[in-house]
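In what follows, every heavy atom counts, from backbone to side chain, and hydrogens, waters and symmetry copies are set aside.
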Amino acid sequence: MNDTQNGTTQINPICRNRQAPYSYEIIQNLDTTGALLFSIITLMTIFAFLVFLEEAYYMYKKIPGSKKSIMIWINAGAPIIAITACVGMWIPRSTMFTDFTASVFLAVFIHKFQQMLVSECGGRREFLKMFSEKKLELSTGPCCCCCVCLPRKDINSRTLFILKLGTFQFAFLRPVLMFLSVVLWTNGTFILGSSSIDGATMYINIILAIITITALWAVGIMFNLVRPSLADRNIIPKFAVYQFIVILSQLQTSIINILGTMGVISCVPPLPGPSRASYMNQQLLIMEMFLTTLLCRMLYRRKYDTLTNQEENDNLQNNTVDLNSKALEEKLHYEDKIQYA
């Protein structure tokens with residue numbers, strides 16, 4: 001905020017040093033509307049987390065096999081991002097650490113979503129058996145959606161390994177790079193929003209962009225492959241929710257932070273421009289992830305109610321067929337013995 005006295009413009013020290021305020025400064029400057037907004041957003045975060053806990057308990061009890069851990073990880077994406085945003089909103093100086101936590105979880109979330117696509121097909125062996133006669137289309141977003149000349153690849157264990165490696169490298173490298181960013185930030189070498197070639201910020205961001213696009217490309221390729229086969233399991237709306245979480249937590253955050261760094265989002269004490277941009281983004285993320293949590297519960301809960309029953313019926317029918325076939329074989333064998341006797 002600028003004050004004009006005797007023809008000179010005085011810049012507020014908070015806007016000059018651009019440092020995030022302490023939490024007590026935020027609380028002291030809250031008016032009635034701000035306190036009400038903080039309370040509502042905090043309650044939304046708590047409610048989203050409680051919805052996730054209830055859903056995780058349900059999945060742990062109802063979903064059989066290794067699917068349960070994958071589904072719990074995927075459903076945890078939105079509430080965890082909301083929790084990190086809520087902590088960053090109350091404690092502005094922790095934004096770097098909350099962003100680090102959210103980024104690490106998002107990397108695992110993308111890898112788990114790809115694992116879910118394979119597990120929904122019955123696992124690795126059933127996946128290879130189901131799509132052994134089909135071809136992989138590499139011309140898909142976000143990397144090569146315009147490259148229609150790319151060759152189609154056969155689906156085998158090698159191509160499946162490469163697709164899994166595309167998301168695994170993201171789940172491994174992103175936490176490492178974010179940890180390096182936090183270490184360099186404490187040393188003053190990593191500056192949020194900086195585009196200087198002399199600092200480490202631009203180079204780390206370029207590497208992060210490359211590995212992110214590679215991971216999203218691998219998921220997109222596999223989704224286009226399994227989409228017709230998994231249409232009855234709501235895979236299209238699930239993929240839409242997955243993209244919604246990724247875009248909001250990455251693209252929206254990047255755009256708002258850039259606007260804050262460039263001064264488009266102005267300084268309003270006690271929040272300088274970059275901190276106010278993070279503050280606005282965190283509030284948006286909490287509201288968006290709250291709605292996403294409810295949507296995830298509807299998609300995964302409703303479908304797996306029927307899916308679990310179907311799997312139990314299929315297993316019962318398979319066991320009945322096996323018992324009937326064994327009984328028939330024993331009967332024929334017994335009749336052969338009587339005939340020869």
Peer 1: Which word best sums up how the rings of Phe290 and Phe47 line up, parallel for under 30°, tilted for 30 to 60°, or perpendicular for over 60°?
Peer 2: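 Geometry flag for Phe47 against Phe290: tilted rings.
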
Peer 1: If I take atom CG from residue Leu37 and atom CG from residue Leu30, how far apart are they, to the nearest 0.5 angstrom?
Peer 2: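 Taking CG in Leu37 and CG in Leu30, the distance rounds to 9.0 Å.
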
Peer 1: Answer yes or no: is there a side-chain heavy-atom contact under 4.5 Å between Ile204 and Met178?
Peer 2: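 No; the side chains remain at least 4.5 Å from each other.
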
Peer 1: Hey, what's the ring geometry for Tyr22 with Tyr24, parallel, tilted or perpendicular (30° and 60° as the breaks)?
Peer 2: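 Answer is parallel, since the angle falls under 30°.
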
Peer 1: Are Glu55 and Leu50 side-chain neighbours, meaning at least one heavy-atom pair lies under 4.5 Å?
Peer 2: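 No. Closest side-chain heavy atoms not under 4.5 Å.
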
Peer 1: Is the CZ atom of Phe168 crowded by more than 12 outside heavy atoms at less than 6.0 Å?
Peer 2: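 No, CZ of Phe168 has 12 or fewer neighbouring heavy atoms, counting only those of other groups under 6.0 Å.
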
Peer 1: Does the side chain of Phe97 reach to within under 4.5 Å of the side chain of Val87, using non-hydrogen atoms?
Peer 2: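 No. Closest side-chain heavy atoms not under 4.5 Å.
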
Peer 1: Find out whether Ile206 and Ile210 are in side-chain contact, i.e. whether some heavy atom of one side chain is under 4.5 Å from a heavy atom of the other.
Peer 2: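 Yes, side chains in contact.
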
Peer 1: Between Thr45 and Phe49, is there a side-chain heavy-atom distance shorter than 4.5 Å?
Peer 2: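 Heavy-atom side-chain distance check fails, nothing below 4.5 Å.
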
Peer 1: Taking side chain as C-beta onward, heavy atoms only, is Met222 less than 4.5 Å from Arg227?
Peer 2: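 A side-chain contact is absent here, since even the closest heavy-atom pair is not under 4.5 Å.
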
Peer 1: Assess whether atom CZ of Phe223 is packed by more than 12 heavy atoms of other residues, nucleotides or ligands within 6.0 Å.
Peer 2: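 Atom CZ in Phe223 is packed in, count exceeds 12.
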
Peer 1: Is the distance between the ring centroids of Phe105 and Phe109 under 6.0 Å?
Peer 2: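 Centroid distance Phe109-Phe105: not below 6.0 Å, so no.
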
Peer 1: With rounding to the nearest 0.5 angstrom, report the SG to OH distance, Cys296 to Tyr242.
Peer 2: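 Nearest 0.5 Å value for the SG-OH distance: 13.0 Å.
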
Peer 1: Any idea which heavy atoms bring Ile155 and Thr159 closest together, and the distance?
Peer 2: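 Looking at all heavy atoms of both residues, the closest pair is CA-OG1, 3.5 Å.
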
Peer 1: Under the side-chain contact (heavy atoms from CB on, under 4.5 Å) test against Arg276, which residue among Ile265, Ile256, Asn281 passes?
Peer 2: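 By the side-chain contact (heavy atoms from CB on, under 4.5 Å) criterion, Arg276 pairs with just one of Ile265, Ile256, Asn281: Ile265.
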
Peer 1: With sequence neighbours excluded, what pairs up with Thr292 under the side-chain hydrogen bond (donor to acceptor under 3.5 Å, both in side chains) test?
Peer 2: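 Applying side-chain hydrogen bond (donor to acceptor under 3.5 Å, both in side chains) to Thr292 gives none.
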
Peer 1: Check the pair Ile26, Phe38 against side chain to side chain contact (heavy atoms under 4.5 Å, CB included), reporting the backbone distance first and the verdict last.
Peer 2: CA-CA 11 Å; Ile26 294 292; Phe38 261 58; 3.9 Å; yes

Peer 1: Side-chain contact, heavy-atom cut-off 4.5 Å: Val246 with Leu106?
Peer 2: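 Yes, close enough: below the 4.5 Å cut-off.
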
Peer 1: Output the distance between atom CG (Leu285) and atom OG1 (Thr84), rounded to the nearest 0.5 Å.
Peer 2: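 With rounding to 0.5 Å, CG (Leu285) is 7.5 Å from OG1 (Thr84).
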
Peer 1: Are the aromatic ring centres of Phe100 and Trp185 under 6.0 angstrom apart?
Peer 2: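 Judged by ring-centre distance (under 6.0 Å), Phe100 and Trp185 do not meet the cut-off.
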
Peer 1: Using 0.5 Å steps for rounding, measure from the CZ atom of Phe244 to the CG atom of Leu248.
Peer 2: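 Answer for the CZ-CG pair, Phe244 versus Leu248, is 4.0 Å.
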
Peer 1: Determine all donor-acceptor pairs shorter than 3.5 Å in which one atom belongs to a side chain in residues 71-79; sequence neighbours excluded.
Peer 2:
from	atom 1	to	atom 2	distance (Å)
Asn75	ND2	Met71	O	2.8

Peer 1: What distance separates Thr293 OG1 from Met298 CE, expressed to the nearest 0.5 Å?
Peer 2: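 Thr293 OG1 to Met298 CE: 12.5 Å, rounded to 0.5 Å.
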
Peer 1: So which atom in Ile211 and which in Arg174 form the shortest heavy-atom distance, rounded to 0.1 Å?
Peer 2: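 The pair with the smallest heavy-atom distance is CD1-N, 4.0 Å.
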
Peer 1: Taking all atoms of both residues into account, what is the closest heavy-atom pair of Gly88 and Ser94, and its distance?
Peer 2: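 Looks like CA-OG, 3.9 Å.
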
Peer 1: Taking the six-membered ring for Trp, are Tyr57 and Tyr60 closer than 6.0 Å centroid to centroid?
Peer 2: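 For Tyr57 and Tyr60, the ring centres are not under 6.0 Å apart.
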
Peer 1: Is it true that a side-chain atom of Gln282 and a backbone atom of Met89 form a donor plus acceptor pair closer than 3.5 Å?
Peer 2: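 Flag set: sc Gln282 to bb Met89 pair under 3.5 Å.
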
Peer 1: Output, in order, the C-alpha distance, side-chain angles, deciding distance and verdict of side chain to side chain contact (heavy atoms under 4.5 Å, CB included) for Phe52 and Ile80.
Peer 2: CA-CA 9 Å; Phe52 161 69; Ile80 293 299; 5.6 Å; no

Peer 1: Report the C-alpha distance between Lys238 and Leu230 in whole Å, list the side-chain angles of each, state the deciding distance to 0.1 Å, and finish with yes or no for side chain to side chain contact (heavy atoms under 4.5 Å, CB included).
Peer 2: CA-CA 11 Å; Lys238 289 177 182 177; Leu230 301 180; over 6 Å; no

Peer 1: Let's go through Met59 and Tyr300 carefully: what are the C-alpha distance in whole Å and the side-chain angles of both, what is the deciding distance for side chain to side chain contact (heavy atoms under 4.5 Å, CB included) to 0.1 Å, and is it a yes or a no?
Peer 2: CA-CA 9 Å; Met59 289 182 172; Tyr300 289 88; 3.6 Å; yes

Peer 1: Report yes if the side chains of Glu120 and Val226 come closer than 4.5 Å at any heavy-atom pair, otherwise no.
Peer 2: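 No. Closest side-chain heavy atoms not under 4.5 Å.
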
Peer 1: Rounded to the nearest 0.5 Å, how far apart are CD of Gln283 and CD1 of Ile41?
Peer 2: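 Going from the CD atom of Gln283 to the CD1 atom of Ile41 covers 4.0 Å.
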
